[in-house]
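See below for the structure under consideration.
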Amino acid sequence: MWAVIAGGMRDDVLEQPGRATKCGVMAGAVGGVLLGSWVAALIYVLLVQLAFGVLLIAQRKKPRAGLAALGLGFHLTALLILTPAILASPWKIDFPWMVVNLSWFHFWHLILGAVVFAPLLRQPNGGRVHPLAIPGAIIAVLSVCVLAQIGPGAGIREGMAWVSRADEFMSGIAESESLMGEHGSDALSWIGIILIALPFAWLSMLRKAWRSKNHTYSIWLIAIPLLTLQALTQRRFADALAAPMALCVAWAVFEWLQSKRNQALIAFPVALIVGVGLNALSLNALTSPLGRVSEADAVQNAYREIYEWIGQQPLLDAQESVLAPWDQGHAIEWLSNRGSVATNFGTYVGEDSYRDPARFFLSNDAAAAEQILQRRKTRYVVRTSQMTLSLDPLVKALQSDEIFVESFTNKRGQKRDRLTSRWYQSLAAILWIPNPPADPNNPVFGTGNGDPDGPTRPGSPISFLRLVRLSPVPDTDPRHGGLMQPAAQVWEYVPGATLSAKLKPSQTLSIRFAVTTLFNGQSLLSFQYADSAKASTDGVASIRVPYSTDPTGNGGSVYVGEARYFILNPDGSQVSSGEFMIMEGDVLQGNTVLLKSDSN
């Protein structure tokens with residue numbers, strides 16, 4: 001976008017309205033797409049408008065017929081492309097002047113931008129009205145609105161607060177850390193070593209622009225200092241600086257090489273650096289296996305496969321969502337076409353929804369956890385292998401005094417962290433079942449210990465979630481303590497079938513069956529699902545079961561083996577036993593299945 005605008009600001013282009021219009025339309029198309037895909041790109045559109053301001057200052061003394069065409073082409077094309085997204089935005093109803101999400105603010109911002117250039121179509125020098133009069137009046141009116149917090153002013157003020165806000169969520173994220181102060185040593189690694197040359201290259205460009213009165217450089221001279229400050233403030237913006245920085249430095253080197261003496265001085269060191277670099281790349285290519293994928297990349301690819309699988313499942317509810325740690329929100333929405341309970345935007349798009357994944361995963365109250373799923377219309381819960389490695393944001397979001405990680409000193413005097421008993425009571429720990437030592441033979445991730453609640457925690461399993469998908473990709477990160485874990489699990493929230501039996505008041509109903517997850521016919525993980533219930537005073541025992549014994553049920557990638565029930569006396573002696581059947585429809589509709597037994 002900036003490159004096209006820079007081309008449109010050339011003197012020969014500004015003298016030809018047709019060529020200027022083409023440049024404006026091309027840059028506006030990119031700007032519209034940028035704004036529609038990421039509202040924060042408004043910053044980059046504002047930089048273009050600042051560059052237009054430089055041209056408007058010079059327009060009075062040196063009128064150019066193509067400036068109006070360039071400005072109108074840019075703003076009207078961006079508006080044409082962005083308008084469908086604005087009309088589809090839910091934010092424009094409740095927050096019509098919101099800046100950080102698409103609203104009517106962005107519509108009128110582009111309209112007013114076009115209005116600035118409209119009078120210049122008839123009189124390029126502005127006639128009796130200075131070219132800066134209209135933008136000046138617009139800025140003055142908006143300033144009053146901001147101070148009075150009326151109309152778009154309130155949205156602008158909130159947008160400015162959003163940019164400067166020290167959000168507890170974002171403050172703990174690496175990409176939002178500053179590259180100044182204590183993190184200043186990271187600036188070169190994040191932005192690039194040519195950052196050292198950037199100030200000299202920028203000053204050289206400024207000197208060239210000042211002497212030649214060439215406005216082609218305007219956008220770069222304005223954008224680079226602001227982008228550099230933005231990158232140093234938040235490291236995530238280093239990518240926006242990369243291309244303008246490389247262009248500026250490359251331009252400066254090219255200008256410097258125009259001198260034959262300089263060419264001779266630099267020829268040998270450049271040849272040496274290029275030669276060594278190419279040899280290093282060749283050596284690396286020869287010694288590295290082709291197509292090698294790091295384990296971290298393999299785990300990320302596994303997440304992608306999981307989310308794509310979710311997207312392939314038929315919708316049961318148009319508003320159903322996926323609950324996962326906050327950092328998976330964007331990937332879930334993009335790949336599965338489902339809403340996520342929390343996204344990478346953190347508290348910026350709703351504090352309550354951001355905290356709900358933490359409340360769910362760290363809850364030790366199954367009933368409270370289920371209420372969260374119901375409130376958020378959650379169908380799938382994704383439990384990733386990396387959750388314990390990024391536990392800190394979850395604990396912060398929970399806003400609790402409970403301790404999930406504690407420090408200790410080992411026998412060597414080294415400080416280490418370990419998970420506390422409170423962690424092992426949480427849904428996040430319980431859902432990572434059965435977590436046995438890996439068996440590389442059969443199945444891939446081992447065989448369960450027979451207790452979905454864990455070997456040290458007495459109690460019933462989670463009766464409203466069933467495992468429906470398991471990634472075949474192992475995550476053997478050494479920080480997992482030597483366990484070979486699947487990269488991700490998908491649990492489905494279901495009403496569950498109620499298995500009910502008429503017993504004597506003192507008797508107990510117990511069930512168990514094997515659950516095996518499959519991938520392309522290969523067994524990945526096997527565990528025993530077991531639960532029990534005592535008969536009530538009226539002699540009825542009921543157990544909620546989230547799995548179907550139907551071979552075609554449970555998402556198609558989970559196999560449930562023989563399901564058996566047992567009627568037990570108070571002393572544990574067996575009265576009777578047998579098989580039972582629960583169909584997929586019973587699980588999805590919450591039906592009651594009567595168990596016929598000969599216990600009486």
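Keep in mind that the numbers below use all heavy atoms, side chains included, and drop hydrogens, waters and symmetry copies.
- R359 has no carboxylate O lying under 4.0 Å from a charged side-chain N of D365, or vice versa, which leaves the two without a salt bridge.
- In this structure a side-chain-to-backbone donor-acceptor pair under 3.5 Å is present from T549 to I582.
- V545 has its side chain out of reach of V587: every pair of non-hydrogen atoms, C-beta onward, lies at least 4.5 Å apart.
- The environment of CG in L46 is crowded: more than 12 heavy-atom neighbours from other residues, nucleotides or ligands sit within 6.0 Å.
- Evaluation of the salt bridge (Lys or Arg N to Asp or Glu O under 4.0 Å) test over residues 316-341, restricted to residues two or more places apart or in two chains, returns E320-R338, E320-R379.
- Distance alone, capped at 3.5 Å, places no donor-acceptor pair between the T517 side chain and the R469 backbone.
- Heavy-atom neighbours of N569 CG from other residues, nucleotides or ligands within 6.0 Å: above the threshold of 12.
- Classification of R466 and E584 as a salt-bridged pair holds, one side-chain N sitting under 4.0 Å from a carboxylate O.
- Within the 3.5 Å criterion, the main-chain N or O of I310 finds no donor-acceptor partner in the side chain of S336.
- In the displayed structure, Y559 atom OH is contacted under 6.0 Å by at most 12 heavy atoms of other residues, nucleotides or ligands.
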| said: Would L394 and L362 count as a side-chain contact (heavy atoms from CB on, under 4.5 Å) here? Give the steps. | reply: CA-CA 8 Å; L394 273 180; L362 299 181; 4.2 Å; yes
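- Using cut-offs of 30° and 60° on the angle between ring planes, the pair W309 and Y380 is perpendicular.
- Using a 4.5 Å cut-off on side-chain heavy atoms (C-beta onward), Y493 and R376 make no contact.
- In plain terms, the two heavy atoms of S506 and P570 that are nearest each other are O-CG, 3.2 Å.
- Side-chain contact between N101 and F95 is absent, with no heavy-atom pair separated by less than 4.5 Å.
- Pairs engaging residues 533-547 under the salt bridge (Lys or Arg N to Asp or Glu O under 4.0 Å) rule: E370-R544 [sequence neighbours left out].
- Contact detail for I403 and T420: the closest heavy-atom pair is O-OG1, 2.7 Å.
- Within a 6.0 Å radius of CG in D571, more than 12 heavy atoms belonging to other residues, nucleotides or ligands are found.
- Here OH of Y565 is found 9.0 Å from CG of L509. Values are rounded to the nearest 0.5 Å.
- Ring pair H109/F105 is parallel by interplanar angle, where below 30° counts as parallel and above 60° as perpendicular.
- Enclosure of atom CZ in R304 is not indicated, since only 12 or fewer non-hydrogen atoms of other residues, nucleotides or ligands lie within 6.0 angstrom.
- The shortest distance between side-chain heavy atoms of W423 and T388 falls below 4.5 Å.
- A pairwise comparison of heavy atoms in M387 and A428 identifies SD-CB, 3.6 Å as the closest pair.
- The nearest pair of heavy atoms linking N554 to P546 is OD1-O, 4.4 Å.
- Ion pairing of R422 with E406 is absent here, as no side-chain N (NZ or NE/NH1/NH2) approaches a carboxylate O to less than 4.0 Å.
- The shortest heavy-atom contact between D475 and S385 is OD2-OG, 2.6 Å.
- Ring orientation note: the planes of W38 and Y44 are tilted relative to one another, at an angle of 30° to 60°.
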| Stepwise, does the side-chain contact (heavy atoms from CB on, under 4.5 Å) test hold for Q328 with V382? | CA-CA 9 Å; Q328 299 300 307; V382 179; 6.0 Å; no
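- Side chain of S89 to backbone of L102: a donor-acceptor contact under 3.5 angstrom is found.
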